[in-house]
Amino acid sequence: MKRILDITLALAGLLLLLPVWILVAILIKLSDRGPVVFRQERIGKGFRPFTLYKFRSMVVDAPRLGPQITAADDPRVTGIGRILRKTKIDELPQLFNVLKGDMSLVGPRPEVRKYVDLFRSDYEEVLTVRPGITDIASITYRDESPLLEKAKDPDDEYRHVILPEKLRLAKEYVRRASVGYDLKLIFTTLFSLLYPGRSLDRFLESLAPHRFPVAGVVQCVLLVLANYLAFWIRFEGQIPDPEYHLFLSSILALLAVRLAFFYPFRLYRVLWRYVGILDLQLIVASITLSSAAWWLIVLVVPPFTGYPRSVIAIDWLLALALLVGVRLLRRIHSKLGHAKERRSVLVVGTGDSAERIVNGALTNRHTDYRVIGLIDNAPHRKGAWIHNVPVLGSMEDLEAVIRGEDPDEIFVASSSASETDRRGIARICKKLDKPVKWVPDLEDILSGKDFTHLGHDIEPNDLLFREPVHSDLEPLRHFYKGKRILITGAGGSIGSEIARQIAACRPETLVLFEKHEASLYTIDKELSAHYSETPIEAVIGDITDAVRVGDTLRQYSPQIIFHAAAYKHVPMMERNAVEAFKTNVFGTRTVSELAGSHGVESFVLISTDKAVEPLSVMGLSKRVAELSLQRLSGTMQTKFLTVRFGNVLESSGSVIPLFKEQIERGGPLTVTHPDVTRLFMTIPEAVELILHAASMGSGGEIFVLDMGKPVRILDLAKSLIRLYGMTPGREIEIVFTGLRPGERLFEKLINDHESV
């Protein structure tokens, strides 16, 4: 059926638009001597390449002069080409592609091989259907050139912001594809091309400084027209001369009465685009009262006593219709003129709260959401409709409904959901990678309730792109129980988590060695509150101070030392190389040599993947620290061990706290490079494996943690934005800043010369 529709409409289009073809061909030939039709390879259904036809809108050697995508001010676009692109007439030759079977009238827009290869996994779903001349993305991004013009790098903007959104919309089309839906999209495309929304916008903007006088004049004209039509209808299109003269002599008086009642109702000051039920009530009241006043006037004022009473009734109805109608037309234009991507939304809530969200989403001209359904806590409401939106189920059905309907976003009426329900909703939305927005009622906001924390309780596991590592902790409890443990850098992200997990094993003594007073106070206070039975000693000291370190080792005689103290911020250490080597190299040497001379059983160095083939000062200093430990191994009774791993989510100085701060500030998120990848673990799972390594080692080993597959920082940024209930590139922009000194695109955990 779809193929029959394609062939029928394509043939009709070719025949009906033949004069346009001839005119366009002549204009292109007159602009320069190049070919009329532009040909380019695109990728079609099942990844089959085909030749796409378009009217040529650029200079002949355009591919040689610049990139494949074009911004609004691209000099390669010809004068006639700009008109063709703006009206989409340049797409007409694709009707031949439709007849050949390469394309359909409606379907995902075909792309060049470069972009298909970049997003191949997405295109495996998209290219299960024929590409088309129009689809949801074509309507949404019908004029993407201005968006590309604003970007520093248009190609990056297209690859990482616009194209992913187009693919998301293409997938939505594939899921909803039907003949009826195709006809709807064809009609929507034609309407979006023919409706002069932007021209009307410019005209209305030119009137904006004088909007109220203009509105007054328009309403006066409409009132005069309503009265004339009332006479015309009353006398069946032939107004007798006496009644026509009565109309002329009375219209100014009637207009004065109407305007007198406009004043108390402020109908001359209301912005028409925001017309609502209250405004309609005010119009009805004003017209009704002014009509009643006019009826009294014609009863007692001699010049008007012959005024037809039926005309008053008809005039009342017509005046209402015209004044309400002109406001509704303005509001309809504000929706049509600012049509945006229609994002599908599932609303979770009960009763009035849900109704207000649905009504707001349907009428908000800035968002243009498409509400696909409601989740209501009352099971008996399933199957009911609110504002033409179905109730799809209750809270128990939420996950199944999200999987079935696949909405773009979830809106939750905060006041109608309990704390338990909110956590359950957040958990399901995170599991299914759906943005969730918490919408409070106005009365809740006015009463001072705080909803800012909702949805922002993001756990590191949500950003791993894999299942977290879990190990058997019972052997660790037996190994560390009753031992004396010292942790350097105990106030840092890794050091403090080592302290927490060691404290849970009930050691004989736990010594926290840290030079930063505030962080040491924080972890000491936390552990003392939770593990009051464990002796915890907080020691302020610098690992480069041999006297202080030696005194501490003599006083507490630790059996195991976890050496987590280090400078680890790559760009910062590039600017402070001396401090990096003083702490990471000399500090490690000081603590490790003193550990050996004081009879410590095990010394565990926390290292980094940046020590592998190091490019940065930080990586070099940590690699030297690793080598210094290997030099000591076997020369003393102490077992010297190294544990090497990559980035830790939410550690101090890592990218996640930075991204969170940028999101909460409203963006943009800064990513160094679109293709940069890193290996990630959560702090708890990294520390678990560190503790296992310390219990396993015999001395001299470098333990490497299996951190799964590398994660693109760009994907991490997009995932975090979605967890905040927002859309990448939409509410929060992502910008690329370039690699910083000492950084590279990827990291690895093992040198080429090392064996595992």
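In this chain, residues are counted from 1 in sequence order.
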With side chain to side chain contact (heavy atoms under 4.5 Å, CB included) as the test, pick out the partner of Thr134 among Thr188, Leu190, Thr189. Thr189
Could you go through Ile410 and Ile402, starting from their C-alpha distance and side-chain angles, then the distance that decides it, and tell me whether this counts as side-chain contact (heavy atoms from CB on, under 4.5 Å)? CA-CA 9 Å; Ile410 315 296; Ile402 293 176; 4.0 Å; yes
If the condition is side chain to side chain donor-acceptor pair (under 3.5 Å), which residues does Asp182 pass it with, not counting sequence neighbours? Lys2, Tyr173
In this structure, CH2 of Trp21 is separated from CG of Leu15 (nearest 0.5 Å) by 11.0 Å
Tell me which donor-acceptor pairs under 3.5 Å the side chains of residues 298-309 have, and how far apart each pair is, sequence neighbours excluded?
| from | atom 1 | to | atom 2 | distance (Å) |
| --- | --- | --- | --- | --- |
| Thr305 | OG1 | Pro302 | O | 3.0 |
| Tyr307 | OH | Asn227 | ND2 | 2.9 |
| Arg309 | NH1 | Tyr307 | O | 2.6 |

Any idea which heavy atoms bring Val389 and Ile372 closest together, and the distance? CG1-C, 4.2 Å
Nearest heavy atoms of Gly349 and Ala413, plus distance in Å: CA-CB, 4.0 Å
Applying side chain to side chain contact (heavy atoms under 4.5 Å, CB included) to Ala10 and not counting sequence neighbours gives Leu95, Val98, Leu99
Only counting residues at least two apart or in another chain, list the ones meeting ring pair (Phe, Tyr, Trp, His ring centres under 6.0 Å) with Phe247. Tyr228, Phe231
Heavy atoms, side chains only, cut-off 4.5 Å: are Glu172 and Asp408 in contact? yes
Determine, step by step, whether Leu392 and Leu374 satisfy the side-chain contact (heavy atoms from CB on, under 4.5 Å) criterion, reporting the C-alpha distance in whole Å, the side-chain angles of both residues, the deciding distance to 0.1 Å, and the verdict. CA-CA 6 Å; Leu392 301 175; Leu374 282 160; over 6 Å; no
Any side-chain donor near an acceptor of the partner, Asp90 and Ser57, under 3.5 Å: no
Check whether any side-chain heavy atom of Arg109 sits under 4.5 Å from a side-chain heavy atom of Met103, and report yes or no. yes
Min side-chain heavy-atom separation Pro407-Val345 under 4.5 Å: no
Could you please spell out the steps behind the side-chain contact (heavy atoms from CB on, under 4.5 Å) verdict for Leu92 and Leu14? CA-CA 8 Å; Leu92 287 181; Leu14 287 171; over 6 Å; no
With heavy-atom distances below 4.5 Å as the criterion, would you say the side chains of Ile734 and Pro668 are in contact? no
Is Leu5 close to Leu183 at the side-chain level, that is, under 4.5 Å between some pair of heavy atoms? yes
Keeping to residues at least two apart or across chains, list the side chain to side chain donor-acceptor pair (under 3.5 Å) pairs with something in residues 229-252. Arg234-Ser310
Atom CG in Leu84, atom CG in Leu27: separation rounded to 0.5 Å? 8.0 Å
Would a 4.5 Å heavy-atom cut-off, applied to side chains only, mark Val24 and Ile89 as touching? yes
Donor-acceptor pair, side chain of Asp135 and main chain of Ser138, under 3.5 angstrom: yes
Check: Tyr181 main-chain N/O paired with Arg176 side-chain donor or acceptor under 3.5 Å: no
Measuring only between side-chain heavy atoms, which start at C-beta, is Ser394 closer than 4.5 Å to Ile375? no
Between CD on residue Gln94 and NZ on residue Lys54, distance to nearest 0.5 Å: 6.5 Å
What I'd like to find out is whether the side chain of Leu323 reaches to under 4.5 Å of the side chain of Phe262, using heavy atoms alone. yes
Would Lys382 and Asp376 pass as an ion pair if we require N to O under 4.0 Å? no
When rounded to the nearest 0.5 angstrom, what is the spacing between CD1 in Ile287 and CG in Leu318? 11.0 Å
Working note: Gln662 + Ile732, criterion side-chain contact (heavy atoms from CB on, under 4.5 Å); need CA distance, chi angles, decisive distance, verdict. CA-CA 9 Å; Gln662 290 174 338; Ile732 298 292; over 6 Å; no
Gap separating the CD1 atom of Ile233 from the CG atom of Leu317, nearest 0.5 angstrom: 8.5 Å
Salt bridge (charged side-chain N to carboxylate O under 4.0 Å, His left out) partners of Arg85, counting only residues at least two apart: none
Between Ala319 and Ala226 the two heavy atoms that sit nearest each other are N-CB, 3.7 Å
Counting N and O atoms only, with roles assigned by atom type, does the side chain of Thr8 sit under 3.5 Å from a partner on the main chain of Ile4, one being a donor and the other an acceptor? yes
Nearest-0.5 Å distance, CD1 of residue Ile428 to CZ of residue Arg403: 9.5 Å
Is it true that Arg258 and Asp315 have a side-chain N and a carboxylate O under 4.0 angstrom from each other? yes
Test your reading of the model: is there a side-chain donor-acceptor pair from Ser286 to the backbone of Ile283, 3.5 Å cut-off? no
